[in-house]
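What follows is a set of notes on a single structure, which appears directly below.
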Amino acid sequence: MIALQVSKVTKSYDKDPVLRGVSFSLEAGERAALMGPSGSGKSTLLNCIGGIDRPDEGEITIQGRSLKGMDENELCQIRRSMVSTVFQFFHLLPTLTAAENIEFPLQLSGMEEKERRELLPSLIEEVGLSHRSHAMPHELSGGEMQRVAIARALSIRPKLILADEPTGNLDSATGEIILDLLEELSERHGIAMLLVTHSPGVTRICDRTLEMQDGVLVDQSTAVV
Amino acid sequence: MGASDSNSERPAAIGRLLWSRIIWRHWRREPRLTFVLVGILALGVAVFLAVRLANKAAVSGFGMFTESIAGESDFILRPRAGTLQVEVLRQLRDEAGAVPVGIFPVLEVSAALSERPENGLLKLLGADLVALQNAGTYAGGGTSVSGDSAGGDDSILGLPDRGFVGAAFAKRFGMEKDEQLSVIVNDQIIDFTIAGVVPEDPNRPAVPDNLVLMDLPGLQKLSGLEGQLTRVELRIAPGTQAEQNRQRIGAAMWDLAAAHGWVLETPEDRKSSVTQMSAAFRLNLTILSGLALLVGIYLIMQAMEAAVVKRRAEIAVLRSLGVTPAQIRAAWLWEGLILGVVGAIAGIILGRLMAVGLVVAISRTVNTLYYETTTSAVTLETGEMAFSLVFGIVASLTAALIPAREASLTAPAQSMRQGGQGGGLALLRNWPLGLLLLVAGIAFAFVPPRVLASGSIVPVGGYVAAVVLVLSASLLIGLLFRPLASLLGRGKRDAMRHYAASQLRRPEGRHRLTAAGLAVAIGMSAAMAILVASFESTLTGWIQQLLKADIYVAAAGSNSVTNENTLSAVTWQELEKMEGIAGMDKLRRYKVSIGDNDFFLGGADYNDDPERFLQLMWLNPPKVKGPNSLEVRETEPFPGWISESLARRFSLEVGSEIPLPTPDGTKRIEVTGIFAEYGNETGTLVIARNLTRDWFQDDRVSNMAVYADPGADIDALLEQIREAFPGVVARSNENLKAESIRIFHQTFAVTYALEAIAVIIAVAGLGLALAGLLLERRGELTTLKSLGATRADIARASMWEGIALAGAGLVGGYLLSFLLGWILIFVINPQSFGWTLSYRVPWLSFIGLAIITLITAGAVAWAVGHRNANLPGEREE
């Protein structure tokens, strides 16, 4: 089943084209690395897929639902239920504990407390942070923070995870562990992942690589692990 | 360039560069914020200046009215009680001998406009117009009050119904020469003709707008005070011998005054001793007026701190480029200085405008409670302008100090990371110091008051205690965040509410600063509300206790503490005989002086009713009870009851003796009881009216309480009295009570306005603080949006945070207000005014203020959140 379909998406800022007719798709459970130099349009594409930004033309469909024509609230609903993002700088809410950060999207989606309480331990367990669940973000290491961010992304059982340089702020050993975790979770839950990266090492967990240049997808090759 | 290259010009050049490239550009980019900050500072300075100017104008409105006509006298001779006899003039002339001195006899009489007897108290001034005409000899050119310059004529000499008015009077009532005015003098209505209008003279004070100048014999005849004078003014002729003559006359008159028990004083002494009476009232008002600026300081501190946080990356780059911490600090202080200058200048202009409205309100209160004053024109002197300018700049620089320090502490390494520090004064986290200040504040309240050389009492300990408690509240406010966060986060149903609560669990400096500013505003305003409620409750109880009669009859103008209108014996005797009247209590009130202190003497009779004397609210009741307890002795010392204010001013207690000056010589009065009185803070001594009647040779009364026959129709009786005696003011019990409460609220009108301004500024500060916080949390907002939070969700989180902050401010403010209220009621008020009040918290008003503050804060915070939710997110690519 197609998890993500991007069709002829264009986007300009002040008449300066950033995306020029980008098209590709991701199957459920498929992982793709989006690579390219700075300014090639990777983050803009990610923002458009996440519903943070809107394409000027073209269409983005997630699990069969087109984002085109959706109002702000509908886009928020998509982010609450189908698409999660993992950031380079983790972006944990600094005033919430690790567990509260993971719980937060569930609260946003209106899940009852009882149900949340049942789900939460397994999410924490899944990223191996049971012993750190009450720690504040500033008390966690980079790797732990990214685990929390991943668990938070997983919490809503998304169809698609967008990962923006997920290992970019981690040392290489920790980065490897995080990549393994992402791969494992993607396979276990059948979640499609689009990973923006500069690092060729990230491609090892990806089924294929998408290469962008000047807003155009120049290459869609299958990864050789 | 190495450090060794620095020369004397370089720091200045860097300073200019920082100012022009960093500070100035920032404010230009944020014109609205700049405008709001300058506006807040301007408002704070304006309120402070307006109250100062209005206070000054209200005091300068008190004048020896002849000073505006004959020029200022060198000496004033007046009796300690009653009036002087006209024969005193011969004695004075004899005493002066060959020394060239102008002797001006004066009689002052109260009057009221017959159409508006309670609002238009007039002062009729009787002077020897011929002597005034010759005043030029003494004053270097006196104002002409007859002939062409005043548009009048000489035919008014000796006439009881003609007089001159000043240009302000003519303008106020829209009257011209030869027009008629209907006035009440004592209990008679007189049609008065304006003989001329005294032109304004730029070299003299303006003639007050309530003054009517008459020929002395005419006024004596009109008021029934033939041969009597209120005072005599003496003016030494100018010339080379003037100072020598002044000393000779001063010495001679001093002996004469001492021998006769008169008071000899200079106009300055007189003005100072009279206006001193309202000093405490004016000081309290001035302190309250500083509240807006105090809250403004918190606000400016927040805004400048927000600017530091926002520009932290910029500062870090500057630091990387070699700008020193001192230069960064100087740049921020310059910013504070310039904000202060601009804000203060705007505040001076605004304050001058506000003072015009305020002076009317303050003059009204001073008139009601203290002494006769006219609404003077507000004058803005250079000294006041300079003071306000310095005040505004100091406030702004104080606010800039902390942010400037914080900016200077920014490390160069931070240039690559978004600043996540919330800033704020580290001191605000020091709650143990807050506890220490709390204890110290309470201890200061017990420090005895300071008695000044003038005799006025300043509750220094009370004021210091209030300031220390305010500081303590600022430090302790942080302790409220955690419990409030628990309360807000309870249930966790609403993710955004939970998120808002989490912000308070780890409060930043700005949270503390905002809540502290709000707590100070709420605390001081609520403390004033406690004072007003306690005052109102006590006053209402007092009025209920005191006003038991069915009808109250007084001479016109009884609203003013200086009214001297009286009812003649014929009037009250006829009134007493009217059908339907069961009995009357009568009071004759005089102003008397002991030393430099004036107070009121009341001659009272209680019409032989065994219950009525109980109507006074006793703080120390007399041992001898019953209607005639004031009349039980036939020899000195005579019994007398004193008000609490008098007891405080003269340090009297039951058993003390008072040497009471009377026209019949000094009489000894023994204090047998002390009662509460809230009508004036001058103080009152009450003795039997038959004594004052004999000593003052006066059977007139100032006011009466009338008791109707059981079952009588009060309204009909009231109508009957008004018809039979059109020159008196008759009011029903309910009407007088309502009027008393109205005057009470009118007295506090200025304080209500000042409190409202402070709370508005504090809530505006909350909005600014949240805007700053959200700006700092842009990264978080991006995260929230990526997690699916809508703009409305972010606005809601901001709203909850705002409500929680307002809640902290309210809880802290109310706790502070209970302590400040206690200090106001049990320390400052009794020491300043001599009034015992019962402590009362206006819970309903508190709930109302809390609801309004929470709703306003919630709305402001929601709007800020909604606006900031769409800020562009951070780009990390």
Side-chain angles (χ1 to χ4, degrees), chain A residues 36 38-44 46-47 50-53 71-97 100-101 103-113 116-117 136 138 149 152-153 155-156 162 164-165 168-169 196 198, chain B residues 416-422 481-482 485 488-508 510-511 773-774 776-797 800-801 804 866 869-877:
Chain A
S38 291
S40 60
K42 304 187 300 291
S43 286
T44 304
L46 219 58
N47 282 344
I52 299 284
D53 221 335
D71 65 16
E72 187 57 40
N73 285 338
E74 287 169 322
L75 288 173
C76 284
Q77 282 304 327
I78 292 291
R79 291 198 294 274
R80 284 180 188 185
S81 57
M82 300 173 92
V83 183
S84 290
T85 309
V86 175
F87 303 93
Q88 178 182 358
F89 292 108
F90 328 125
H91 286 320
L92 300 184
L93 297 169
T95 51
L96 301 181
T97 61
E100 285 171 335
N101 262 288
E103 189 187 5
F104 191 79
L106 301 175
Q107 285 178 285
L108 261 186
S109 65
M111 187 183 281
E112 287 297 319
E113 188 171 2
R116 294 198 313 261
R117 291 283 173 231
M136 297 303 291
H138 69 272
R152 180 176 69 182
S155 64
I156 58 167
L162 306 171
D164 191 358
E165 296 279 7
N169 207 32
V196 171
H198 283 105
Chain B
M416 303 314 291
R417 290 287 299 270
Q418 176 74 19
Q421 297 171 22
F481 288 132
R482 197 160 276 276
L488 189 63
R490 190 166 288 173
K492 291 191 176 180
R493 275 195 192 148
D494 182 351
M496 302 319 288
R497 205 175 76 180
H498 182 219
Y499 169 69
S502 77
Q503 300 291 344
L504 291 182
R505 276 208 303 268
R506 295 175 52 77
E508 294 185 12
R510 186 149 323 126
H511 285 109
L773 282 167
L774 290 178
E776 286 162 35
R777 287 189 213 143
R778 268 201 293 180
E780 279 185 54
L781 297 189
T782 310
T783 308
L784 285 172
K785 279 192 273 188
S786 77
L787 294 173
T790 61
R791 194 176 180 186
D793 287 333
I794 292 170
R796 201 168 69 252
W800 282 118
E801 196 172 342
H866 197 255
N870 267 7
L871 285 174
E874 290 167 302
R875 292 187 168 212
E876 284 159 3
E877 191 176 10

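Each chain gets a letter, A, B and so on, in the order the sequences are listed, and its residues count up from 1.
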Indicate the atoms forming the closest heavy-atom contact of Ala789(B) with Cys76(A), along with that distance.
O-SG, 3.5 Å
Hey, is Arg505(B) close enough to Glu100(A) for a salt bridge, meaning N to O under 4.0 Å?
yes
About how many Å separate NZ of Lys785(B) and CG of Asn47(A), when rounded to the nearest 0.5 Å?
10.0 Å
Flag yes if more than 12 heavy atoms outside Glu74(A) fall under 6.0 Å of its CD atom; otherwise flag no.
yes
Within the structure provided, determine whether Met496(B) and Leu108(A) are in side-chain contact (heavy-atom separation under 4.5 Å).
yes
Would you say Arg152(A) and Leu787(B) make side-chain contact, with heavy atoms under 4.5 Å?
yes
Can you list everything that forms a side-chain hydrogen bond (donor to acceptor under 3.5 Å, both in side chains) with Ser81(A)? Sequence neighbours excluded, please.
none
For Met136(A), which atoms come within 4.5 Å of any heavy atom of chain B: side chain, backbone, both, or neither?
side chain
Taking every non-hydrogen atom, the tightest pair across Phe104(A) and Ala495(B):
CE1-O, 3.4 Å
Is there a side-chain contact between Leu93(A) and Leu784(B) (heavy atoms, below 4.5 Å)?
yes
So, His91(A) versus Glu780(B): side-chain donor-acceptor pair below 3.5 Å or not?
no
Report yes if some heavy atom in the side chain of Thr790(B) is under 4.5 Å from a heavy atom in the side chain of Arg80(A); otherwise report no.
yes
